[in-house]
Amino acid sequence: MSDISPKERLDRVLSGKPVDRPPVICPGGMMNSATTDVMDECGLFFPEVHKSAEAMARLSSAVQQRTGFENFGIPYCMTVEAEILGSEIDFGNHDCEPKIAREYYSHCREVVQKNPRELARQGRIEAIARAGYEMSRSQPDIPLIGSITGPVSTAASIVDPMTFLKELRKDKENAHGVLDYVTEFLIEYARVLIESGFSVITIADPTATGEILGPKMFYDYAVPYLNKLVDAVHGMDTHAIVHICGRLEAVKEPLARIHADAISTDAMVNLLDIKEVRGGGTVMGNVSTFALQLQGPEVIQRVTERLLENKIDIISPACGLSTKTPVENISVMTGTVKAS
Amino acid sequence: MASEKELHQGLFDAVVDMDEDLAAELARQVIDEEYDAYAAIEEGLARGMDKVGELYEQEEYFIPELLLCSDAMYAGIEILKPHIVREESRERHAVVIGVVEGDTHDIGKNLVKIMLESAGFEVIDLGRDIKPQAFLEAAEENGAEIIALSTLMTTAMPAMKEVIDLLEEKQQREKFKVVIGGGPISQSFADKIHADAYAVNAAEAARIAKELVGISQIARKTA
């Protein structure tokens, strides 16, 4: 099994099959792995790359080679969905990923529903799909991960998030309506990616945390729409990873009901606890991004080794990497896993 | 006719029960009955919000509930505020708050603002993605005692240090207390960048702010 390709290794782990060692990956999207070190080296920079298929393919290739991550992961932000759904995007700068400048709607009831299939042909999706098509054909042994923003986070990126959170209580009907609509669109987006050659879909839903929503709303609003999206991805014969942010004590029970092939969590979570509540299953994580940015190689090696000792299935950063993370630090993390 | 005490209890309950309409209705009754508006805020609305803070820390309430409770509180305050009898002797304590440069996540900052206001602070909210210089300018302009910095992103954590460095550079560090908080922030990070305090959540931020200005009960700013 020593000559197993990174793609097969990730595939086997996500299918619950044994492998020689854990894959070490960074899925893109919220967990963007394009750092300024790599951009400086290859001469492709934020924010210009976000709209160019060619630049994304080249930058992702450079990221994979320089960091040692065993995957490609695009896009590099969580604004592709909200942009198409009407929100104003600040594309950021060299150091900073795009972010939402202004949500398009003030209330859930104002959201105008358009055809999800049509929407999946708009904005930057085509460029992302073309970059993926290129990468999946030129480097078929490297898994290509499409990173999608989760339903709750996408909804809170098109409706003012403070109002949206209140309307989860005050206007349940329209809140569900927005989530359902957004999920339909995300499914069509995932379909375009999968048809273009993406081998895994990662869904990060940082607004859908136990800390923000509490267990009841997590159960009512996060779980059903995440599952609808994950089930649809499974229906397209593709694995889905779900990343949940923050502390998870409050939502352990609903967490067990998420259909994902792997659950990825933040650094403060003990992944063995997640394994326990899910009755086994695959977990992914959770090297502190703070350590990766600001600590030295010894600390990073120690943190990574502890995850290996705990038999964590997939090793990855715990959260969004800072673009200023030194590439040497990432190499220590990926090198430690590969040497195991 | 409801007694003053009953109205205070009603306002307390309206806030805890997230009932914006009831809070407004009871606030109007306070005015109609010519009870003290200030006492109604203190004994009813603010005490209700204290209870909400407790429920939040006990994980009975989460962010949607906290936001709805604060809407109820503000609905009451809105009506009562113009009727507060001005007392010049009441102390004013101001806090400048914002999400540091590079981050636009402001839910946490808004919660802290709510808890600070319900604790009687005057809060100058700069918003999100705020440059270090803007914190300093606003704090000087408004005679603030505290600068409160928030971020959700590890990426933006160095921007907190930049604010403190700027204060030191301008020899203004002693003039202001700097409180930091947010998802990735910890006490050790606060120590490392020489912040005055770290608040783990919004309710604690309000308690710490009160300690930092050296009072247990703040007189509410008059209309």
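Residue numbering restarts at 1 for every chain, and letters A, B, ... go by the order of the sequence lines. What you are looking at is a predicted structure, and each value in this text was computed from that prediction instead of being measured.
Within the 4.5 angstrom heavy-atom criterion, only backbone atoms of A/A101 (N, CA, C, O) approach chain B. Residue A/P206: no heavy atom, backbone or side chain, is found under 4.5 Å from chain B. When heavy atoms are compared at a cutoff of 4.5 Å, B/E101 does not approach chain A at all. The contact between A/E211 and chain B is made entirely by backbone atoms, counting heavy-atom distances below 4.5 Å. For B/F189, the part lying under 4.5 angstrom from a heavy atom of chain A is the side chain only. Looking at A/K324, neither its backbone nor its side chain comes within 4.5 Å of chain B, counting heavy atoms on both sides.
Here the side chain of A/N286 pairs a donor or acceptor atom with the backbone of A/D266 at under 3.5 angstrom. With hydrogens and angles ignored, the 3.5 Å screen pairs no side-chain donor or acceptor of A/S153 with any backbone N or O of A/G150. Counting only distance, with no hydrogens or angles, the side chain of B/D103 and the backbone of B/L152 share a donor-acceptor pair below 3.5 Å.
Between chain B and the options A/I212, A/D95, A/N93, A/T323, the largest number of non-hydrogen pairs under 4.5 Å is found for A/I212. Of the listed residues (B/E65, B/M157, B/M153), the greatest number of heavy-atom pairs within a distance under 4.5 Å of chain A belongs to B/E65. Ranked by heavy-atom pairs shorter than 4.5 Å toward chain B, the options A/S288, A/P161, A/P215, A/G320 are led by A/P215.
Remark: B/Q171 CD is loosely packed, at most 12 non-hydrogen atoms of other residues, nucleotides or ligands lying under 6.0 Å away. By the neighbour-count criterion of 12 heavy atoms within 6.0 Å, atom NZ of B/K177 is sparsely surrounded, having that number or fewer from other residues, nucleotides or ligands. Counting heavy atoms of neighbouring residues, nucleotides and ligands inside a 6.0 Å radius, atom CD of B/E78 does not exceed 12 of them.
Between the CD atom in A/E103 and the CE atom in A/M162 there is a gap of 11.0 Å [rounded to 0.5 Å]. For the atom pair CG of B/D129 and OG1 of B/T151, the computed distance is 10.0 Å after rounding to the nearest 0.5 Å. Here NZ of B/K51 is found 11.5 Å from SG of B/C69. Values are rounded to the nearest 0.5 Å. The line from NE2 of A/H50 to CZ of A/F91 is 7.5 Å long, rounded to the nearest 0.5 Å.
Heavy-atom neighbours of chain B within the stretch residues 294-303 of chain A, taken at a separation under 4.5 angstrom, are nonexistent.
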